[in-house]
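Report on the following structure.
The structure presented is a predicted model; accordingly, all values stated were derived computationally and were not measured. The chain is numbered in sequence order, starting from 1. Atoms considered below: every heavy atom in the structure, side chains included; atoms not considered: hydrogens, waters and symmetry mates.
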Amino acid sequence: MTKSQQKEYDELSDRLRELESEDYLKKLGLSKIENDPDTNVEIASTINDVDMPKPTMYYDNDMQMYVMTGYWNWNKTYPDSTVGGTDGFALGVAQEQISVFEHGLRTSKKDGTSSTPSVQSPYVNGYGIGFEFQDSGLGLNYNCYKGTGWVYFRFYNGTPVGKTINFNSKYGHSWSSTEVTGFSIGPTDLGISWNYSTNKFEDSNYGTKTF
């Protein structure tokens with residue numbers, strides 16, 4: 001390294017130390033982010049890493065019930081060094097109340113091999129269902145690369161003949177210390193609640209059906 005290069009390097013090093021100093025940050029009205037799970041944002045993955053096809057709804061003549069099905073699919077090899085807390089998946093019918101009879105959640109690895117994540121007791125109400133589950137594994141061993149959730153139901157007040165209704169699906173993924181704490185499923189809302197507002201993302205899609 002020449003003398004001029006050494007001088008330039010020393011000047012840059014001094015400038016970096018100044019920028020990192022508490023006093024300089026205070027002058028700018030800034031402060032360092034402490035190691036708080038709610039503010040320590042770790043960008044491990046984004047909403048663009050997951051595909052959410054439209055949910056489907058059809059009538060099962062054998063069961064004499066409607067079936068609503070939702071899906072998610074990662075579009076890249078899962079990269080995280082940690083999968084964090086629980087994830088969530090929800091299905092909901094807008095505008096009309098329903099009576100839920102059967103439901104399920106199926107997950108698999110990237111190669112289609114079925115997996116069995118730890119699933120909490122589903123949240124069920126008169127508008128839909130929410131599944132909370134613990135993903136695990138890395139890369140090709142990630143156990144929730146693909147997922148399908150479904151619910152068999154009847155409309156509480158009978159089939160809404162002549163009406164067009166929306167039905168929705170939502171997937172939420174977390175990492176670090178963030179995890180699912182609940183669901184909000186109603187006539188105009190399909191939501192996932194979290195213990196922290198960071199280190200997670202959600203994706204959703206919807207379909208319509210005229211009866």
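Within the 4.5 Å cutoff, no side-chain heavy atoms of E96 are placed close to those of F211. The closest side-chain heavy-atom distance from I192 to V180 is below 4.5 Å. Residues K109 and N141 form a side-chain contact, since some pair of their non-hydrogen atoms from C-beta on lies under 4.5 Å apart. F183 places a side-chain heavy atom less than 4.5 Å from the side chain of E132.
When all heavy atoms of L190 and K170 are compared, the closest pair comes out as O-NZ, 3.0 Å. Across I185 and N125, no two heavy atoms sit closer than the pair O-ND2, 2.8 Å. Residue M52 comes nearest to D203 through the heavy atom pair CG-OD2, 3.3 Å, listed as atom of the first residue, atom of the second, then distance. Q95 and N166 get closest at one heavy-atom pair: OE1-N, 3.3 Å. Nearest heavy-atom pair across S184 and D189 is OG-OD2, 2.8 Å. Closest of all the heavy-atom pairs between S169 and P55 is OG-CD, 3.8 Å.
Y58 belongs to a hydrophobic cluster with M63, M65, V67, F101, W150, Y152, counting contacts under 4.5 Å between side-chain heavy atoms of Ile, Leu, Val, Met, Phe, Trp and Tyr, direct or through other members.
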### Derivation of the ring-ring contact (aromatic ring centres under 6.0 Å, His included) call for F155 and Y66
CA-CA 8 Å; F155 287 98; Y66 286 96; 5.4 Å; yes
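Tested against Y71 for a side chain to side chain donor-acceptor pair (under 3.5 Å), the candidates N205, D51, T56, T148 yield a single pass: T56. For the ring-ring contact (aromatic ring centres under 6.0 Å, His included) with F89, the qualifying choice from W72, F133, Y123 is W72, the only one to do so. The only option from Q134, H173, K200 that meets the side chain to side chain donor-acceptor pair (under 3.5 Å) definition with D87 turns out to be H173.
Y127 places no side-chain N or O within donor-acceptor distance of the main-chain N or O of P187, the cut-off being under 3.5 Å.
A donor and an acceptor atom, one from each side chain of T107 and S115, are located under 3.5 Å apart. A donor-acceptor contact closer than 3.5 angstrom links the side chains of S136 and N143.
Aromatic pair F153/F167: ring centres not closer than 6.0 Å.
Here M57 contributes atom CE and T208 contributes atom OG1; the two are 10.0 Å apart, rounded to the nearest 0.5 Å.
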